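One structure is given here, and the rest of the page talks about it.
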Amino acid sequence: MVVPVEVNGAKLSFILDSGVSSPILFNLSNQDSIQINNVSKITLQGLGEGEPMEALKSTNNIFKIGNAASFNQSLYVVLDKDLNFSTSLGVPVHGIIGYDVFESFIVDVNYSKKYIRLYKQGEYNTKKLKKHQVLPLAIYKKKAYLTGAILLEDDSDIPVKLLIDTGSSDALWLFHDPEKGVRIPDKNYDDFLGRGLSGDIFGKRTKLKGVRIGDFFLKDAKAAFPFKESFGAVKNFGDRNGSLGGEVLKRFNMVFDYNKKLIYLKKNTNFKTSFHYNLAGIALQHNGLRYISERITNAQGIVKPGNGKDTFGNVQILLDGTTRLSLVPEIVVSGIRAGSPAEEAGLKEGDVILAVNGKRVHQYKLQEILSMINQKEGKKVRLLIERYNKDLLFSFVVEDIFKSKKP
């Protein structure tokens, strides 16, 4: 969830992340101008296998989200220029904000209609939530937890306490703990799980028979078990067993009330959608901009009609009335899973994606391109890529890892 946030008059975009306690600002380019107040140097350690990073702490800042404002807001500024979530999300992101929003307001999150509404305490009419299920929240160290259960391959129903993490795009993360019954299913594979403030996060990807939240049951739930090296900064998880991320949360419309320690859930149109797996084993990200040349006329010199999709990029040059030169985002392969169809086909990290199944990728958003590649089990995918100034064509068939991998 990316929301517009005004910081001391500067208009920025933040991830609304219930898993973070204080706002963190990063990814400021030379073109960004922002004033921050009362600055001191500190070090921060986040998720990931990297070292602690240098950062700034700032107090007495003014934050605005819509008509809501905070006039004495603390924040942290990460100075690592390589920390940039925009490249993998496909939209500009300047920071993350969490607890201060959830603690100050009743937060209405509607995933199906893609909006977030903030209400002052006591101004929200809970009578309109009669069709929602209300569940208790545990608030500890500025983070919210929800109890549920996971169903493993042997049909055992294991109770779990999960951090609600709206900033994660994954489904369900679990901490391997055989003593509590939270164990990794036999069918799994090593995978890149994401990037934290302190580096990349890796772990085991798997599938559960299901996850239960209140009266709701999600069948064949996607899950991951992060390697413990990614949690070097966390000394003790207490009774926490993992976290719930966006791929589960998007199946509900939710209302958070931290003050009363309640969450209201109602399933939406996403509830029965299948969980997304990276069947091809390829990760993509934006990598700057590139010019592309397109003919806008047919063989008779007549201008062809548009295809109904906007070309991304705001720089276009017409040459001789027949050719259009456009500045568009460059999409590159940022990672390849070992043993995946993409690796076996010969794709490499750093390859520039030009087209998927004959469709030029500059007409699509990053998540749409990934969906095209991983669309359907058994589908043949053809990728046109650029490598060392040469165009190469690769093809492979996407496969269901859990069917093909032996236990």
Side-chain angles (χ1 to χ4, degrees), residues 1-28 32 34-48 50-66 68-81 83-86 89 93-107 109 116 118 121 137-145 163-168 194-199 201 230-238 240 243-246 256-259 261:
M1 293 188 291
V2 180
V3 296
V5 179
E6 191 174 302
V7 181
N8 297 331
K11 295 181 179 180
L12 306 174
S13 295
F14 277 59
I15 296 173
L16 183 59
D17 185 354
S18 58
V20 66
S21 55
S22 299
I24 300 176
L25 189 62
F26 53 80
N27 188 31
L28 293 177
D32 293 316
I34 179 174
Q35 173 186 331
I36 57 174
N37 306 318
N38 302 331
V39 176
S40 59
K41 285 190 175 182
I42 62 166
T43 57
L44 285 178
Q45 176 73 57
L47 295 184
E51 298 295 324
M53 66 190 72
E54 188 179 45
L56 303 175
K57 181 179 180 180
S58 171
T59 59
N60 295 325
N61 299 284
I62 300 175
F63 270 49
K64 291 184 178 180
I65 303 177
S70 172
F71 295 96
N72 186 22
Q73 181 65 58
S74 298
L75 65 88
Y76 296 94
V77 182
V78 174
L79 303 178
D80 186 352
K81 293 182 179 179
L83 184 62
N84 185 0
F85 294 129
S86 301
L89 291 175
V93 173
H94 301 97
I96 50 180
I97 187 171
Y99 178 76
D100 297 279
V101 174
F102 288 96
E103 187 268 342
S104 301
F105 302 95
I106 294 177
V107 182
V109 179
I116 297 171
L118 306 180
Q121 300 290 344
L137 288 177
I139 310 295
Y140 178 68
K141 291 187 175 180
K142 298 185 177 182
K143 297 180 181 180
Y145 299 84
L163 169 72
I164 300 178
D165 190 357
T166 61
S168 168
R195 180 169 174 80
L197 288 178
S198 293
I201 303 171
S230 298
F231 293 89
V234 182
K235 303 302 181 183
N236 183 12
F237 289 111
R240 173 188 169 192
S243 59
L244 280 175
F256 293 87
D257 188 340
Y258 274 32
N259 186 47
K261 297 182 180 180

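As the structure is a prediction and not an experimental result, all values here were calculated from the model.
In this structure, L137 CG and D257 CG are separated by 8.5 Å, a value rounded to the nearest 0.5 Å. Between the CG atom of L16 and the CG atom of L118 there is a distance of 8.0 Å, given to the nearest 0.5 Å. Note: E103 CD to S18 OG = 14.5 Å, rounded to the nearest 0.5 Å. The NZ atom of K143 sits 13.0 Å away from atom CD1 of I164, with the distance rounded to the nearest 0.5 Å. Annotation: the span from Q121 atom CD to I106 atom CD1 amounts to 5.0 Å, rounded to 0.5 Å. The distance from atom OG of S40 to atom CG of L56, rounded to the nearest 0.5 Å, is 7.5 Å.
Two residues are said to be in side-chain contact when any heavy atoms from C-beta on lie closer than 4.5 Å; F105 and I65 fail this criterion. V101 is not listed as a side-chain neighbour of V3, based on a closest heavy-atom distance of 4.5 Å or more. F63 places none of its side-chain heavy atoms less than 4.5 Å from the side chain of D100.
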For side chain to side chain contact (heavy atoms under 4.5 Å, CB included), just list the numbers for V7 and F14, CA-CA rounded to whole Å, side-chain angles, deciding distance to a tenth of an Å, and then say yes or no.
CA-CA 10 Å; V7 181; F14 277 59; 4.1 Å; yes

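Partners of F256 according to the ring pair (Phe, Tyr, Trp, His ring centres under 6.0 Å) rule, which considers only residues two or more places apart in sequence or in another chain, are F102. Listed by chain and number, the residues in a side-chain hydrogen bond (donor to acceptor under 3.5 Å, both in side chains) with N38 are T59 (sequence neighbours excluded). Residues meeting the side chain to side chain contact (heavy atoms under 4.5 Å, CB included) test with V20, sequence neighbours left out: D17, I24, I96. For S168, the side chain to side chain contact (heavy atoms under 4.5 Å, CB included) criterion is met by D165, D170, not counting sequence neighbours. Residues passing the side chain to side chain contact (heavy atoms under 4.5 Å, CB included) test with S21 are K142, sequence neighbours excluded. With sequence neighbours left out, I62 forms a side chain to side chain contact (heavy atoms under 4.5 Å, CB included) with N8, K64, F71.
The nearest pair of heavy atoms linking I15 to G167 is CG2-CA, 3.9 Å. L163 approaches R240 most closely through the heavy-atom pair CD2-NH2, 3.5 Å. In plain terms, the two heavy atoms of S74 and P23 that are nearest each other are O-CD, 3.5 Å.
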